[in-house]
Structure formats: C-alpha cells, structure tokens
Amino acid sequence: MTTIHVLADSGQDLVKSHDRFPAEEDSEPPTDELENHLRTLEVDEANIDYDRLNEAIEASMAVFDLGRRRQRTAMDSNLAPIVHQCIDVPPRVAAVPGMWHYLTLLRYPDFITSRWSQDDDLQEKFLGTQKDLYSNHLARLWWGAHLTYDEEEDHYLATHRLFNKQRLVNYVLDSSFRRYRPAAIAFAEELWDESGTNITSIAKRFNNSLSTTQLEARSKDQIRDQLGKIRDHVESTS
Amino acid sequence: MPANTRSSKSRDESMPYHYADGCLQFGISGFSFDGGDVGSPDYDDRTIPLYDYGDWSEVTIEGDVTIGNSVERVFPDDEGPPFPAELIVIVDAEETQLRFEKNVADPPVSEGSYDVELTLDRSLLRGDVVMTPRLVRTEPCREGLPYAPNDGMRVAGGESWTIVVDHPTKDSDGFPFVYRDFSQDGMPPEDLVHSFSKTPNPKMMINDQNENVVDVLQSGNTYGFRPNMKRLLKADFGVSLWIQLVVLTGTTIAEAGEPEFDWQEGVVEEISESELGTHLFGENVDYEIVVSELSDRISDPSKLRELITDLCEAVQLYQGYAEDLDYFIQEHSP
C-alpha cells in the first residue's frame, strides 16, 4: 500500500488567487499554506520512487540549456520515460488532477518554473489537469509516455520520438485519438522526422479521415500505412 | 431484440456514403462485480451506475447487439448477406485516456443478435466510460460509392451506454456535462446542446461532433483562451438550463404540491438561498415561499408570463453571464 498525496481543489484556488506566484520572477508557491490542503489516497500496487526522480530531474536541469527551445524539448524527451517509470501508479490514480498539482507545486516547483518560464501560461503548467494533456507539465510527461510506451517490446522509443518534436507532441496530446494507443504510437513512429508544416498538413488530413474510418478497428501498422500515404500525397502536392 | 433498446433515426445524411444510423440496437442485461454481486442498469438514462457498490476490482457487463434489417442498404446486393464487416463495441474511458474496441462478431456478419460480455479492470477507469456499437467494413467495396468504398469505414451505428464508475462530478453550474454523438442518439445532429432534466439526474448533453466546443469544455479550470471560453460557454448553457429547471420544478410543484426529485428540492433550495430568489420573490424569500410562489405563478397563465421574464433576468445575473463575457473580451481582444 502506497500513500499518494493529493492537493485539494481549495489548494488550487489558493494558488489561483495568489498575488505573486507564479507570475513574478523568483516567486515560490505558498508551501506552508498548501500543506493544509492536502489529502491522501492509499493505493495498492503503486510506488513513487522520489530518489530516482529527484536525481533525474536535477541531472536534466544541469545538463540541458533551458534557455534554448530545442534543449528544453530534448529534456522532455529524456525525462518522460523516467517520470512514467518513477511514478508507478495505475491510470485510475493518474487521472486524479490533485496528485499532479501536489507534485508540481510541492515537490518540483523550481523544475516546472525553469522549464516553462519562457512560455505563456506558466500557471497552467502547475495547475492543468489530465484533460488538457499539454498543460500540467508532469502529467503531460507521464501521460505522453503512458500512451506511447510499447508494452509488447517493453521500450519507450516512440515516447522519445514524440517528445523530441514540439509540434508533434503538442498535436498528438491535444487530439482525441491520442486515447487509442496504437494511433499515438503510429504518429510518433511515422512522423518523428517530419517538418512542423508537414506534421500539421498530415495530421489535418488524418483527422478528416476519422469522420468515416473507425480508428479502433485499425492496427498500428494500418495507421502508419495510412499516414505514409497521406505524407506522400502532401509531399507530391506541395 | 434486446429488452432495453430505443429506436433511433435510420439514416445519417451527413455521411458521404450509405450509412445505417440506428441499425445497431445495443442492450445491456446486467452487470456483476468480481464474479459476485449483480446489478441492473438505468434503462431510462442508458447508464450503468457502479459507484454505490463499495470496493470492487473488476466489473463484467453483459448484453447484446442486434443488427437490424436496414444493414442490407449499406452493402451492394452482391456482397451478402452475410456481409464483409465486423461488429464491435468502442469503449472510451476519457479520464484515463483509454480507447479500444471489443470485438462482438467477426466477419462476415448477418442480421441478428450477438451476445456481448465485457470485463473491465477498475484500476484502468475513472469517471464515465462510454460504449458505442459500430459495424465496420473489413474489405474494400468493388462497387464503391454510394457504398462505403474502403475497409475500416464504419457503415452502421447505434445508441451508446455510459458506465458511471465514480459519483458524477458537478461542474460549477451544478450539473454534469455528458458528451454524445447526437446523430447516434436520435437527437438533431446539428444541435450543440440538449438538457435532460425530467429524470432524477439532470445533465447537459453536448454533441461530441463539435470537437472544438468539446475541447474547450474539457479544458482545465485555469487560465488562457480555452478555460476562459469554457467559463463563458458554461454560463451561456447555464442560462437556458436554469430556466428549464425552474419551470420544470414549478410545474411539478403545481401538479403535486411539492418537488418530486432530489434535484428539484435542490433547485428550490438554491433559489431560496441565492440572488435568484431575491430577484424573483423579494428579500424575505425562503424555501416555503419559493414552493408557494412557483406553484401560484405557474398555475396562472397571466403570472406565468411575468415569471418567465423575471426568470430570464434573474438567471443571467445568477450565472454572471455579462461579467464572464466582458472578462473574455477584455482578455482576448486582438
């Protein structure tokens, strides 16, 4: 049995109404006050390896130059599988937004701020929910890895490829087809080295096809094949 | 024919080929937990409520899908019966990011009834899980249009069922949003929103074919364009929903002398304790006054007109619609 900490909605409200954090530079979350808004879940078959996660995050922040967009993307690609492995919880628990709010606000606020301080909507990276997979940063890494982890072959190649391309990861995690894992993996495997413009064109045509094609009746290879044909068409007409 | 199905429209005009909407009748006969306790679905709402059964690890849901005779219209004469298609149920657990197909019948398939048994692990689920029947081509069609030309294309559908794993969460306007393909549920496919308030569990149904709207409504409660747009949409929907709820509650009170459902008592309480009540019935409003006034005004056509006008004003104030709209324009003006 593992104790999972969850920040209650009242804690979320506290952050939303805070007059400095996270908008002002060098501001910190109101940790002491937030501690009063925690509750816990006792979960079987779950484990959070904070030691390994702390080490990985610290190492990443030291190695990658967070002032450069490409480096930030590479850091996400490196960390996503580790976050998924270290936060070993079933999807039912990962679907509780308060767990991610606890982790971002009370465990890793400096990491979140460093990663996103140069982008808009920093608050969303702390408070977003799993319904917007591109919002809460740790939830984004965890769910992105969860949806692209190859269970049969036991590897995260598609996860690395997904997070290595900002346009690709944003598109996949913002789509509704992401919930069908073979589709998320097919996108990462097939489009990881495409230009951003091509990714947008291909994804738009793929989405249009879903008005008639039943996605869940297609295998990963069939979806890759379809994406390849769309790419050929896009390239021949551009 | 399953015991618990509804008829639906037989053709989806929006599809570019022959499509048999409502051809599949999906019935649920029951469900059981961990091979033990057995429960019954809510046939009126087409929901399977699992949240009042204590701890369980697995749920097994049993039912059947019947392929109706309209299936013959979506295949050329020389293709069957039996037809080159598979019968599946799509399982969509939005909160836990899980979508998959449950195979019901391998190709080829014919008109008739097919049993479905689906076992789901609780650790993979949270919130609502939607199950939708579909018939999908498994071979290309030599004849092509007006028949679905490619394998993998859906050619028939039916109404879905919703498994409610956890107590429904209420949105800030007090009622849950439920997402459905209106064309599959016998509702006007062009409509965006529909409220179901004549049942013990009122809810707002949103047509999930409006993907942009669904994305906005499912965005987080934080900041930025989508969350702000979500607040605005909810206030907008909330105005029409509250008017319906108050009128329906008043109608019940006028007929029966008191509220019938828990939600109707909740509506009366909310009116008596909020600015809705003071705007409608004055400063000294309480529960009894609301019951009495609603009954009186709804029973009398001349007073009903005045009540509707007052209600439109009060609900807009209560929902803060103007405030939300003003904030949205200020925040997102180019």
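Chain A is the first sequence line, chain B the second, and so forth, proteins listed ahead of strands; every chain is numbered from 1.
Across B:Asp92, B:Asn150, B:Val155, the residue that shares the most heavy-atom pairs under 4.5 angstrom with chain A is B:Asp92. Most heavy-atom pairs under 4.5 Å with chain A: of the set B:Asn103, B:Ile88, B:Ile90, this distinction falls to B:Ile90.
Residues passing the ring-ring contact (aromatic ring centres under 6.0 Å, His included) test with A:Phe163, sequence neighbours excluded: none.
Heavy atoms of A:Asp44 lying under 4.5 Å from chain B are absent altogether. Contacts of A:Ser176 with chain B are made by both backbone and side-chain atoms, with heavy-atom separations under 4.5 Å. There is no contact between B:Val91 and chain A, counting heavy-atom distances below 4.5 Å.
Among all heavy-atom pairs drawn from B:Thr96 and A:Pro91, the shortest one is CG2-O, 3.5 Å. Across all non-hydrogen atoms, the minimal contact from B:Glu86 to A:Ala217 is OE2-CB, 3.6 Å.
Side-chain contact check for A:Arg92 versus B:Asp166: some heavy-atom pair is nearer than 4.5 Å. You'll find the side chain of B:Tyr17 reaches within 4.5 Å of the side chain of A:Thr212, heavy atoms only. When side chains are defined from C-beta on, A:Arg181 does not count as touching B:Leu98, because their heavy atoms never get closer than 4.5 Å. For the pair A:Gln214/B:Met153, no side-chain contact is recorded, criterion being any heavy-atom separation below 4.5 Å from C-beta on.
Using a distance-only test at 3.5 Å, with no hydrogens or angles considered, a donor-acceptor pair links the side chain of B:Arg154 to the main chain of A:Thr213.
Listed by sequence position, B:Arg122, B:Ser123, B:Leu124, B:Leu125, B:Arg126 are the residues of residues 117-127 of chain B in contact with chain A, using a 4.5 angstrom heavy-atom cutoff.
For the 3.5 Å distance criterion, the side chains of B:Gln97 and A:Arg179 fail to qualify, holding no donor opposite an acceptor.
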